[in-house]
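All of these numbers come straight from a predicted model, not from anything done at the bench. One-based numbering, in listed order, for ligands and for the atoms of each.
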Amino acid sequence: MSAVVQSPIVQPVRPRPQGYDVERLRGEFPILATTVHGKPLVYLDNGATTQKPLAVIAAEKDYYERCNANVHRGVHALSQRATEAYEAARDRVRRFINAASAKEIVFVRGTTEAINLVAQCFGRARVRSGDEIVISAMEHHSNIVPWQLLCEQTGAVLRVVPIGDEGEFLFEAYEKLLGPRTRLVAVTHVSNALGTVTPLRRVIDLAHRHAVPVLVDGAQAVAHAAVDVQALDCDFYAFSGHKAHAPTGIGVLYGKEALLEEMPPYQSGGDMIKTVTFEESTWADLPYKFEAGTPNIAGAIALGAALDFVAGAGLEAIAAHEADLIAYASERVSDIRGLRIIGTAAPKAAILSFTLDGMHAHDIGTILDHHGVAVRTGHHCAMPVMRRFNVPATTRASFALYNTRSEIDVFVEALLKAKELFA
Ligand code: C6P
């Protein structure tokens, strides 16, 4: 059997986008010049985490060298400097996703924490026994397990929108799942295991016609295409800084102000209160009500720098560049015998997940690593997706703004060598 791409490749290979200076961008990422097992690094594990540009590394260093102090607490100059930089970063995030107000931007540790926050706080405000939460079959565990816990706690029921053989979101099935007991829809923007892009506008419009709010897991989207939360009209949008060239340990929950106002706090302690007596406490205004304790100040500031960097490269240009990469990679692997791409639905993000007959994904990943090529192998924290496609694991190459066609050539050559070893 030749090949492989089970359906037409999602984006045809077109002439490369003009005016996108990938080599200049690469120069901003010191780690890309490193070698692994004596080979130049080819980093294709951007779905797991992205590399950091000099501007982000400098922002974090500069914070500790010039500003380090706690925020919202001190009257001294350093504390004010740190507070200003932290709040400027919040406003940077607001502009990046076009939120209406900085009150709607809550700093969290990452996507996982953002979704847990909504599950617990929205859950306490709105979800009762017999109510329903709708998710899709292509969710990351972070957008499944928090809802399972909420269902256990409240007696609510989890309903799952199935996906088709290409990994596509089955809209008609979704329509049937929405009902009078649906309290929330929680869907991924881009599937980390398949690359499928959820038809968010339609999903959100339909949910809103039933007066149901929608949470979007934007972990795999925010650094790859422009996100406008007002245009989408989503109610919550969660993402991790580290998948958008910022440090680990910082992420964002966007929530519409009215919903965040209605929700009780998540964690409690310092900075999230207005008044405390032994009898009762009252909560700080948004967004501080959801930011208990000393936050990741340096991380937030570096996230601001990362978003500046991404915006500087241009989200449309990044999206065009990555569309070229996924089309090129899909075409390059299409004549490898026994290779099956998992996730071929259009539109598709720059994620190539595949199996190779007779080889376990971990063996492929290990051999690729010896050629300097970093990919992810396994279930990608999306076990239900693996089950849906009846595979134990896949190998996944996931691309970012700095990847090139020649890196894809190295990856494909390494894949062919891996295949020879198992022939
Ligand atoms: N996916 C991957 O290799 P955190 O860990 O909180 O930053 O992100 C969790 C998460 C949530 N949703 C989606 C769609 C994701 O892809 C991820 C993280 C990584 O695919 C690590 S499992």
#### Entry: Polar side-chain atom of Asn46 near backbone of Ser398 as donor-acceptor pair, under 3.5 Å
yes

If you count the atoms of ligand 1 from 1 in the order shown, which ones are under 4.0 Å from a heavy atom of [X]?
X: Cys381; answer: 22 (S)
X: Ser142; answer: 9 (C), 11 (C)
X: Ser240; answer: 4 (P), 6 (O), 7 (O), 8 (O)

Within-shell test, [X] vs ligand 1, heavy atom, strictly < 4.0 Å:
X: Glu113; result: no
X: Arg109; result: no
X: Arg396; result: yes

Nearest protein heavy-atom contact for [atom]: which residue, which atom, what distance?
atom: atom 16 (O) of ligand 1; answer: Gln220 NE2, 2.7 Å
atom: atom 6 (O) of ligand 1; answer: Thr112 OG1, 2.5 Å
atom: atom 14 (C) of ligand 1; answer: Asp217 OD2, 3.4 Å
atom: atom 18 (C) of ligand 1; answer: Lys243 NZ, 2.8 Å
atom: atom 15 (C) of ligand 1; answer: His140 CD2, 3.3 Å
atom: atom 21 (C) of ligand 1; answer: Arg376 NH1, 3.4 Å

So for Ala48 against ligand 1, with non-hydrogen atoms under 4.0 Å, the contacting part is both

Any chance the rings of [X] and [Y] have centres within less than 6.0 Å?
X: Tyr43; Y: Phe29; answer: no
X: His321; Y: Phe399; answer: no
X: His379; Y: His141; answer: yes

Using a strict 4.0 Å threshold on nitrogen-to-oxygen distance, state whether Glu262 and Arg126 make a salt bridge.
yes

message: Are there over 12 heavy-atom neighbours, none belonging to Arg92, within less than 6.0 Å of that residue's CZ?
response: yes

**Report entry** CG/Asn390: more than 12 non-hydrogen atoms of other groups inside 6.0 Å
**Finding:** no

Between His72 and Tyr288, how do the two ring planes meet: parallel, tilted or perpendicular, split at 30° and 60°? perpendicular

| query | Does Thr188 reach ligand 1 with a nitrogen or oxygen that is under 3.5 Å from one of the ligand's nitrogen or oxygen atoms? | reply | no

Is it true that the side chains of Asp409 and Tyr328 contain a donor and an acceptor less than 3.5 Å apart?
-> yes

